[in-house]
Amino acid sequence: VQLQASGGGLVQAGGSLRLSCAASGRSFSRYVMGWFRQAPGKEREFVVDISPSGGSTYYADSVKGRFTISRDNTKNTLYLQMNSLKPEDTAVYYCAADWTSSWNPEPLSPSGMDYWGKGTQVTVSS
């Protein structure tokens, strides 16, 4: 599967952005999907993941209550609605797919993901 993230940009603190990740190829609905981010000088970190059906999600504590992940399997698209953005949310955001037999309520490891999209830059000004 090929992934393409979009929707990043520059926003003031407290603002919102919606990221999208378009997937090509079949079987999108069978992948656990996740969003990760990487700030300058830092390691790539987990943000949130979603089960193949979209019925279950797991958020990093740093974004819980502010970000919402969703997916539309009929459109092969993953979304990340980001509200109440903070300067510390500034990073390149990546979507990724994990071919796994089951979803678990735990953070995904970047090393365990099977496919990655090119990132999209999110910059939050103070």
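Everything quoted here is computed from the prediction, not taken from an experiment. Counting begins at 1 with the first residue of the sequence.
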Subject >> Shared hydrophobic cluster for Met33 and Phe46 (ILVMFWY, side-chain gaps under 4.5 Å) >> reply: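 Different hydrophobic clusters.
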Looking only at heavy atoms, what is the nearest atom pair of [X] and [Y], with distance?
{"X": "Trp116", "Y": "Pro110", "result": "CZ2-O, 3.4 Å"}
{"X": "Tyr79", "Y": "Asp72", "result": "CE1-CB, 4.1 Å"}
{"X": "Leu19", "Y": "Tyr93", "result": "CD1-CB, 3.6 Å"}

Nearest 0.5 Å, what's the [atom1]-[atom2] distance between [X] and [Y]?
{"X": "Leu108", "Y": "Trp35", "atom1": "CG", "atom2": "CH2", "answer": "13.5 Å"}
{"X": "Lys64", "Y": "Thr57", "atom1": "NZ", "atom2": "OG1", "answer": "9.5 Å"}
{"X": "Met113", "Y": "Tyr94", "atom1": "CE", "atom2": "OH", "answer": "14.0 Å"}
{"X": "Arg37", "Y": "Glu43", "atom1": "CZ", "atom2": "CD", "answer": "14.0 Å"}
{"X": "Tyr58", "Y": "Ile50", "atom1": "OH", "atom2": "CD1", "answer": "15.5 Å"}

**OP:** Any chance you could lay out the side chain to side chain contact (heavy atoms under 4.5 Å, CB included) test for Val48 and Phe67, step after step, and finish with the verdict?
**Re:** CA-CA 9 Å; Val48 58; Phe67 290 12; 5.8 Å; no
Do the non-hydrogen side-chain atoms of [X] and [Y] ever get within less than 4.5 Å of each other?
{"X": "Asp89", "Y": "Arg66", "result": "yes"}
{"X": "Ser53", "Y": "Trp103", "result": "no"}
{"X": "Ser20", "Y": "Leu78", "result": "no"}

Only counting residues at least two apart or in another chain, list the ones meeting side-chain contact (heavy atoms from CB on, under 4.5 Å) with [X].
{"X": "Ala22", "answer": "none"}
{"X": "Lys42", "answer": "Ala39"}
{"X": "Ser27", "answer": "Arg30, Tyr31, Trp99"}

**OP:** Verify, without hydrogens or angle tests, whether Arg44 (side chain) and Ser111 (backbone) share a donor-acceptor contact under 3.5 angstrom.
**Re:**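 Not a single qualifying donor-acceptor pair exists.
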Subject >> Main-chain N/O of Asp98 paired to Thr100 side chain as donor or acceptor, under 3.5 Å >> reply: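 No, because the side chain of Thr100 does not come within donor-acceptor range (under 3.5 Å) of the backbone of Asp98.
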**OP:** Please collect all disulfide bond (SG atoms under 2.5 Å apart) contacts where either partner lies in residues 31-98, sequence neighbours excluded, each pair once.
**Re:**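 Those involving residues 31-98 are Cys21-Cys95.
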Per-pair distances, 0.1 Å, donor-acceptor, side chain in residues 1-14, under 3.5 Å, sequence neighbours excluded:
none

Using a 3.5 Å cut-off and no angle test, enumerate the donor-acceptor pairs between side-chain atoms of residues 80-88 and protein atoms at least two apart in sequence or in another chain.
from: Gln81; atom 1: NE2; to: Asn83; atom 2: OD1; distance (Å): 2.9
from: Asn83; atom 1: OD1; to: Ser16; atom 2: OG; distance (Å): 2.9

